[in-house]
Amino acid sequence: GSASEDLGCRRGEFSRKHYGSVELLISSDADGAIQRAGRFRVENGSSDETTTYTPGTWRRTDVHLENPEYHTRWFFKYFLGKVHQNYVGVDAEKNPFYLSVVLSDQNNQRIPQYRAILWRKMGTVKISLPYSPTKTLSVKSILSAMNLDRFEKGPREILSPEIQKDLLVLEEQEGSVNFKFGVLYAKDGQLTDDEMFSNETGSDNFIKFLNLLGDTICLQGWAGYRGGLDTKNDTTGINSIYTVYQGHELMFHVSTMLPYSKENKQQVERKRHIGNDIVTIVFQEGDDASPSFKPSMIRSHFTHIFALVRYNSQNDSYRLKIFSEESVPLFGPPLPSPPVFTDHQEFRDFLLVKLINGEKATLETPTFSQKRQRTLDMLIRSLYQDLMPDLHKNMLNRRSFSDVLPESPKSARKKEEARQAEFVRVGQALKLKTIVRGDAPTSLVTTGLCRKEPWESQSFCGNFPYEIVCGDSWGQSLMVATDTAGVMLLEDSPTHPPVQVFDKSMAVKQMHVLEPQDLLITRADKGKDARLYVFRLSLLRRGLEERQLVRGKCDCRENKLEKTKGCHLYSINTHHGVELRIIAAIRNKLLLITRKQPRLDCLSSFAAGTALPESPVEEFQYIREICLCDSPVVMALVDGPTGENDNMICVAYKHQFDLINESTGDAYRLHHVDANRVNFVAAIDVYEDGEAGLLLCYNNICSYKKVCPFNGATPMIQPSSSDFTFSWNQMPNAIVCAFPYILAFTTDSIEIRLVVNGNLVYTAVVPELQLTASRSDIYFISSAPVNSASNCSSRDTSSHSSPQTPTGYEMPIFPSPLGDGEAPSKHIYKIPLSNLVGRSIERPLKSPLVNKVLTAAAPSMIAPAHVIPTTPSLSLSRMEIKEIASRTRKELLGQSKPHYSTFFLCENIIFLYKKTVMCMFVVGLTEEPSSKSDSSSVKQRKMNKKPTGSSEENKAHKAAGPVTERSVWQTHASICLQLKISDVCHIMQMHIP
């Protein structure tokens with residue numbers, strides 16, 4: 001128990017030291033004169049840790065792409081080519097804005113929800129709102145949820161289907177989905193950029209490194225992403241290095257492959273490309289003792305991030321060091337300590353993720369974000385100018401302002417259906433065009449080995465019949481308070497049925513199990529009868545072991561903390577190892593209670609066999625009462641650095657978070673919430689390198705505030721450079737902080753972000769979700785069936801998901817909605833805290849998993865481990881393409897079982913396999929297949945100049961009456977089979993579902 005307790009206490013601690021420290025870097029010429037200087041954040045692995053493990057023996061689990069586009073590019077994924085509404089309005093500052101609303105399915109999990117995007121010059125705001133069949137959602141309430149309440153001109157609907165093209169352009173301002181990176185070769189001892197750029201060829205080690213990064217491709221006639229290189233006339237070199245990583249196309253500008261000029265000492269042609277890359281890899285020869293590269297050696301104002309790579313041939317390892325310009329926000333993954341990789345595949349993964357995250361982080365620096373805002377502002381205003389005449393002519397409030405999804409009278413319905421069909425057709429044509437152009441935000445492709453994610457859940461208890469009010473973990477068990485069956489203890493074992501601890505007369509609303517303190521604290525009942533109760537865990541355990549009678553409320557009179565009568569909320573301090581402090585809120589009054597430390601003579605008498613009193617009530621003392629101006633909704637205790645009169649209490653009420661000095665009761669405003677309606681979620685005390693801070697969570701906002709200690713009597717609450725704010729995509733009901741992650745539990749999803757920068761790493765769809773306990777291991781309930789917790793990564797696109805929406809979670813298709821009178825059964829899942837918090841580099845990978853996965857594929861086809869190709873090669877013969885497409889068609893039409901060895905062969909087949917499927921999907925299926933949609937897809941094919949099926953086929957299709965989903969698939973599967981090889985090269989850039 002104590003290990004999990006330690007983790008629970010550690011959970012609020014986080015550090016940014018893992019992400020390097022800022023240094024002033026100066027480079028001088030051969031004569032010692034200073035050439036350039038710049039401030040860079042240098043990441044070199046944490047130097048303050050003494051690690052004993054040998055590099056390369058641990059597999060990291062925290063290497064994530066941040067803000068992955070398939071989670072962030074909503075317009076492309078959920079709106080484009082589907083029926084949705086777009087509105088235009090002008091805010092109080094006279095700036096135009098657009099609002100897009102769609103009623104969509106939460107990742108095919110049969111959970112309908114509204115998704116809304118608000119387009120403004122500052123950027124986009126996205127939010128998901130739950131759907132209720134009884135209550136229509138008004139545009140005003142959606143805007144209010146996005147904190148936009150005052151208008152110069154209220155929103156009016158834009159009916160023209162062409163608006164989709166303009167909104168797609170706005171979304172594409174978020175940055176490219178494909179990336180170009182510089183690779184600069186530096187020989188040992190080279191200290192100026194002129195010397196580095198003048199290397200005609202690289203060493204064998206450099207070529208080995210390039211082969212690890214990607215494939216050598218021939219530029220002439222190259223049809224994939226070109227990253228600004230010339231693919232017609234060889235003016236930028238003959239070959240280049242290219243790869244596809246998790247759905248992103250990457251082109252590397254390699255200094256030794258770009259044109260070399262004997263006359264031009266500065267190698268302008270090479271600098272023109274590499275100097276304009278935001279991120280550059282510098283591969284430096286020589287050992288660690290030789291003088292090392294510094295960013296100040298390079299004369300580029302554009303490159304913000306340098307990744308210094310050195311290869312050590314003695315132990316076949318790579319060492320990595322990252323330099324980021326000071327203004328670049330923190331980005332992960334943090335470097336291991338020491339930053340040495342002996343597993344080359346792991347190094348490639350780490351490096352590519354770090355480079356992609358680094359480029360995206362750079363786009364948030366003032367230089368880039370101001371430029372993006374200017375562009376957005378210009379695009380939004382010019383679009384508004386274009387729309388104004390139309391709005392006045394035929395769109396003046398054609399629809400009632402309040403309904404998002406309107407019901408029109410019968411006469412107008414036909415016209416409206418025709419408009420919607422045209423709207424969908426235009427959207428689908430755009431979607432296909434974007435895919436073929438290679439600019440589609442793609443989902444992750446999982447290849448080869450299954451990777452376990454740290455947030456992966458385990459089934460803890462299936463079919464739990466009661467509603468759970470609250471809970472807490474007790475060792476490996478879970479104690480829960482139910483609505484009708486009292487308090488129960490659940491074991492992690494199907495053979496142990498739940499055991500009742502208290503009967504239903506104890507209506508527990510809040511609980512804490514404190515094992516080191518041998519203490520259970522509960523708040524029971526409501527209104528005037530509410531009280532705090534305290535129990536010794538050891539006595540409860542003995543009672544359970546001896547099968548004593550289940551306790552009722554009348555058996556707990558001795559355990560009441562009498563002065564807490566009427567208590568509606570309580571909170572305890574995180575680091576209760578020092579001294580347990582409890583704050584009980586009774587309307588607008590706070591009561592501070594502490595537990596006296598047991599005296600030594602008591603302990604020795606206990607050791608001698610004298611029993612402690614049954615109830616620990618006598619050990620608690622009431623310290624003081626503090627009056628507030630209102631009754632608190634959320635509370636958190638904050639430990640001061642000394643614990644002598646500098647402890648604080650954070651309370652939330654009305655529209656504000658206040659900080660209260662525990663000793664004097666003085667209150668200070670910490671944060672004012674600027675919104676009409678406030679839903680307080682949580683205040684979480686976190687300690688960054690020992691200094692207190694608070695994560696304030698309300699509505700869908702999470703704001704971090706550094707709290708300096710009380711200086712005399714007043715806390716210093718001044719804006720600090722370390723403060724940050726980010727938004728969740730959905731309103732959370734609960735928040736859990738487990739460094740490096742912060743998790744939001746909403747009604748149907750777990751949204752996982754990084755604490756240091758608020759970047760999204762994953763959204764897991766979990767139907768009817770409710771967080772139960774999170775002080776050590778995280779327990780939640782859901783209506784998702786149990787058999788779904790797979791060993792594979794939650795990123796796998798499972799077979800039942802539609803190609804457009806990757807499944808969010810390894811939770812499966814739901815059973816159909818329940819008949820009358822059936823009670824939904826709930827299942828309890830657990831995410832072990834050690835998976836999230838235990839430093840990710842300290843956990844060895846269970847090797848049996850690897851072998852299992854490899855041999856599970858067709859063993860005859862798998863090369864020995866060290867020969868497995870690490871990058872997709874792009875040479876597939878026409879026969880192979882035909883074979884894959886025909887197999888795809890058979891699987892789609894249910895004529896054969898999916899051939900899973902396909903997924904394990906190597907990345908290229910998966911890549912093409914999935915892209916072929918996607919092509920069929922986008923061309924062939926709309927939301928509701930109808931004859932209209934079929935003719936529209938024929939038009940799209942013409943637009944894309946793809947060879948269509950024979951005219952007989954089309955005639956037969958028309959004659960066949962209503963178009964079935966299968967017939968649409970069949971037609972387009974056959975079209976896919978007739979694609980020319982050049983078309984397939986084109987499709988190589990396609991969206992991977």
What is the minimum heavy-atom distance between [X] and [Y], and which atoms define it?
| X | Y | result |
| --- | --- | --- |
| G175 | L363 | CA-CD1, 4.3 Å |
| I435 | F76 | CG1-CZ, 3.9 Å |
| V761 | P68 | O-CG, 4.0 Å |
| E768 | S783 | OE2-OG, 3.0 Å |
| L376 | G123 | CD1-CA, 3.8 Å |
| L80 | K431 | O-NZ, 3.4 Å |

Under the side-chain contact (heavy atoms from CB on, under 4.5 Å) rule, what do H84 and Y78 come out as? Steps first, then yes or no, please. CA-CA 9 Å; H84 67 274; Y78 299 109; over 6 Å; no
Do [X] and [Y] get their side chains close enough for a donor-acceptor pair, meaning under 3.5 Å?
| X | Y | result |
| --- | --- | --- |
| N729 | S128 | no |
| N699 | N679 | no |
| S141 | S138 | yes |
| S749 | Q730 | yes |
| S144 | D149 | yes |

Chi angles and distances behind the side-chain contact (heavy atoms from CB on, under 4.5 Å) call for L760, I752: CA-CA 6 Å; L760 180 70; I752 301 157; 6.0 Å; no
From [atom1] ([X]) to [atom2] ([Y]), nearest 0.5 Å:
| X | Y | atom1 | atom2 | value |
| --- | --- | --- | --- | --- |
| E93 | R120 | CD | CZ | 7.0 Å |
| R73 | D439 | CZ | CG | 9.5 Å |
| N178 | H248 | CG | NE2 | 8.5 Å |
| Y225 | F179 | OH | CZ | 8.5 Å |
| Q173 | I380 | CD | CD1 | 9.5 Å |
| R437 | T434 | CZ | OG1 | 5.0 Å |

Answer whether the closest heavy-atom distance between the side chains of [X] and [Y] falls below 4.5 Å.
| X | Y | result |
| --- | --- | --- |
| L167 | L170 | yes |
| V83 | L103 | no |
| L383 | I163 | yes |
| Q246 | L65 | yes |
| L250 | I356 | yes |
| V125 | S727 | no |
| L118 | L148 | yes |
| F151 | D91 | no |

What pairs with Q370 under side chain to side chain contact (heavy atoms under 4.5 Å, CB included), at least two apart in sequence or on another chain? P366, R374
Short side-chain to backbone donor-acceptor contact, [X] and [Y], under 3.5 Å:
| X | Y | answer |
| --- | --- | --- |
| H71 | E69 | no |
| E171 | W74 | yes |
| R115 | S100 | no |
| K82 | V102 | no |
| R372 | E174 | no |
| S782 | P767 | yes |
| Y384 | F97 | no |
| N86 | I158 | no |

Mark yes when over 12 heavy atoms from residues, nucleotides or ligands other than R381 sit less than 6.0 Å from its CZ; otherwise mark no. yes
Please state whether the rings of F75 and F79 are parallel, tilted or perpendicular, taking 30° and 60° as the class boundaries. parallel
Going through the distances and angles, do M731 and I127 end up as a side-chain contact (heavy atoms from CB on, under 4.5 Å)? CA-CA 8 Å; M731 300 280 186; I127 198 165; 4.0 Å; yes
For the pair Q113 and L129, evaluate side-chain contact (heavy atoms from CB on, under 4.5 Å) and give the outcome as yes or no after the intermediate values. CA-CA 6 Å; Q113 56 170 200; L129 298 164; over 6 Å; no
Carefully, step by step, assess N67 and T72 under the rule side-chain hydrogen bond (donor to acceptor under 3.5 Å, both in side chains). CA-CA 6 Å; N67 293 332; T72 59; over 6 Å; no
Sorted by chain and residue number, the ring pair (Phe, Tyr, Trp, His ring centres under 6.0 Å) partners of F745 (sequence neighbours excluded) come out as none
Of L99, L379, D166, T124, the one forming a side chain to side chain contact (heavy atoms under 4.5 Å, CB included) with W119 is T124
Answer yes when E417 and K415 have at least one side-chain N-carboxylate O distance shorter than 4.0 Å, and no when they do not. no
Salt bridge check, E422 against R419: does any charged N sit closer than 4.0 Å to a carboxylate O? no
Does the ring of F423 carry R425 above it, NZ/CZ under 6.0 angstrom from centre and within 45° of its axis? no
